[in-house]
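Remember, it's 1-based here, ligands and their atoms both numbered in the order they're listed. These numbers come from the heavy atoms of this one structure, side chains and all, not from hydrogens, waters or symmetry mates. Remember, predicted model here, so these are calculated numbers, not experimental data.
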Amino acid sequence: MTASGRANHGLRDEIKAYWSVRAETFDTQPGHEIFSEAERRAWLDLLRRHIGEGQGRRALDLACGTAVISHLLDDLGFDVTGMDWAEPMLERARAKAKTRGRKIRFLTGDAENTMEPDDVYDVVVNRHLVWTLVDPLACFKEWRRVLKPGGMLLVVDGDFVNTTVLSRVFGAMAGWISRLGGGAGPRHGAGPDLAATHRSILSRVHFSNGARAGAVADMLAEAGFRDIVVDANLAAIHRAQRADFGLLRGLERAAQHRYVITARR
Ligand SMILES: C[S@@+](CC[C@H](N)C(=O)[O-])C[C@H]1O[C@@H](n2cnc3c(N)ncnc32)[C@H](O)[C@@H]1O
């Protein structure tokens, strides 16, 4: 194994360990779990717009975490498999499905090497995975491999490195109000220790300069996907999330470069 191979292996382990700890509070945070019917409807509308009703088709929710997206796919009538490499995430995903009486299959696995057969899924979906991938091109080729010919990929992600001016302004205002004791709403994410780990990981992943939609779309084309479409209209979701984030934090989030990309095998 080369020196860089060892470095990559170490980074993957760090990412897995980071999310295993984040699993403890993941579902308490807006932006992850859904806390209102308005937000649920907005997500369902977005998924329906891009991949349609499930009608029993097979969907793979990669890096499913606690299965927020898996449940939406189940709501739409897909036959859903959720996969993640962090066991604490999957424990919560399994418990949630049991509580809600859902038949979602959960597998422990790496999005870069799913161990699933060729040509089996109608749809592959992931949310907030691409930005943290060590080798996104290998992943995209793997996702294309497990899709049936003509199957759809749907990626929900964002650039969490390059902030827009508006996002910085709203974030700063929220910070001031919070320091004055005005309660500007919860800041999404981890406490100070985990935030440092997050920064360190982010500085070493492939998209360390931010996962811009254009760069992700170009790489999907390189992996062999076609009919690639970028949709940055997440306004209905951001509007609904504002009730949980608070106005300023909600506006800060809405001003970030967030997007959906769909592509066809
Ligand atoms: C920000 S969370 C998103 C969880 C879920 N998709 C959601 O939107 O609620 C990122 C998830 O990606 C998982 N993850 C990161 N890299 C992965 C990989 N290569 N294979 C499988 N899971 C991965 C982490 O364990 C974590 O659960």
Atoms in ligand 1 flagged as close to Phe26, the criterion being non-hydrogen separation under 4.0 Å: 2 (S), 3 (C), 4 (C), 9 (O)
Could you work out, with salt bridge (charged side-chain N to carboxylate O under 4.0 Å, His left out) as the rule, every residue matching Arg265, not counting sequence neighbours? Asp119
Applying a heavy-atom cut-off of 4.0 Å, say which part of Asp110 lies close to ligand 1: side chain, backbone, both or neither. both
Evaluating non-hydrogen atoms only, which member of Asp84, Val205, Asn113 is closest to atom 27 (O) of ligand 1? Asp84
Specify side chain, backbone, both or neither for His128, according to which of its non-hydrogen atoms lie closer than 4.0 Å to ligand 1. both
Starting from atom 12 (O) of ligand 1, locate the nearest protein heavy atom and write down its residue, its atom name and how far away it is, to 0.1 Å. Ala63 CB, 3.2 Å
Which heavy atom of the protein is the closest neighbour of atom 16 (N) of ligand 1, given with residue, atom name and distance? Trp85 CZ2, 3.3 Å
Does the ring of Tyr121 carry Arg58 above it, NZ/CZ under 6.0 angstrom from centre and within 45° of its axis? yes
Residue among Asn233, Asp231, Thr262 satisfying side-chain hydrogen bond (donor to acceptor under 3.5 Å, both in side chains) with Arg49: Asp231
Are side-chain N/O atoms of Asn113 and Asp110 paired as donor and acceptor at under 3.5 Å? no
What atoms of ligand 1 come closer than 4.0 angstrom to any heavy atom of Leu129? 14 (N), 15 (C), 16 (N), 17 (C), 23 (C)
Which of the atoms in ligand 1, numbered in the order shown and given with their element, are less than 4.0 Å from a heavy-atom of Met89? 27 (O)
Can you confirm whether Val205 sits close enough to Ile15 that some side-chain heavy atom of one is under 4.5 Å from a side-chain heavy atom of the other? yes
Considering the heavy atoms of Ala86, write down every atom of ligand 1 situated less than 4.0 Å from one of them. 25 (O)
Give the atom numbers and elements of ligand 1 that come within less than 4.0 Å of a heavy atom of Gly109. 20 (N), 21 (C)
Taking the minimum heavy-atom distance to atom 9 (O) of ligand 1, which of Arg22, Glu142, Arg127 ranks first? Arg127
The test is side chain to side chain contact (heavy atoms under 4.5 Å, CB included); show your working for Met89 and Phe26 and say whether it passes. CA-CA 9 Å; Met89 286 285 192; Phe26 197 81; 3.7 Å; yes
Does Cys64 approach ligand 1 within less than 4.0 angstrom via side chain, backbone, both or neither, non-hydrogen atoms only? backbone
Quick test: of every protein heavy atom, which one is nearest to atom 20 (N) of ligand 1, and how far off is it to 0.1 Å? Ala111 N, 2.8 Å
Can you tell me if CG on Asp135 sees more than 12 non-hydrogen neighbours from other groups inside 6.0 Å? yes
Closest by any non-hydrogen atom to atom 2 (S) of ligand 1: pick that one out of Trp19, Tyr18, Phe160. Trp19
Mind checking whether His32 and Trp19 have ring centres under 6.0 Å apart? no
Do Glu142 and Thr114 have a side chain donor and acceptor closer than 3.5 Å? yes
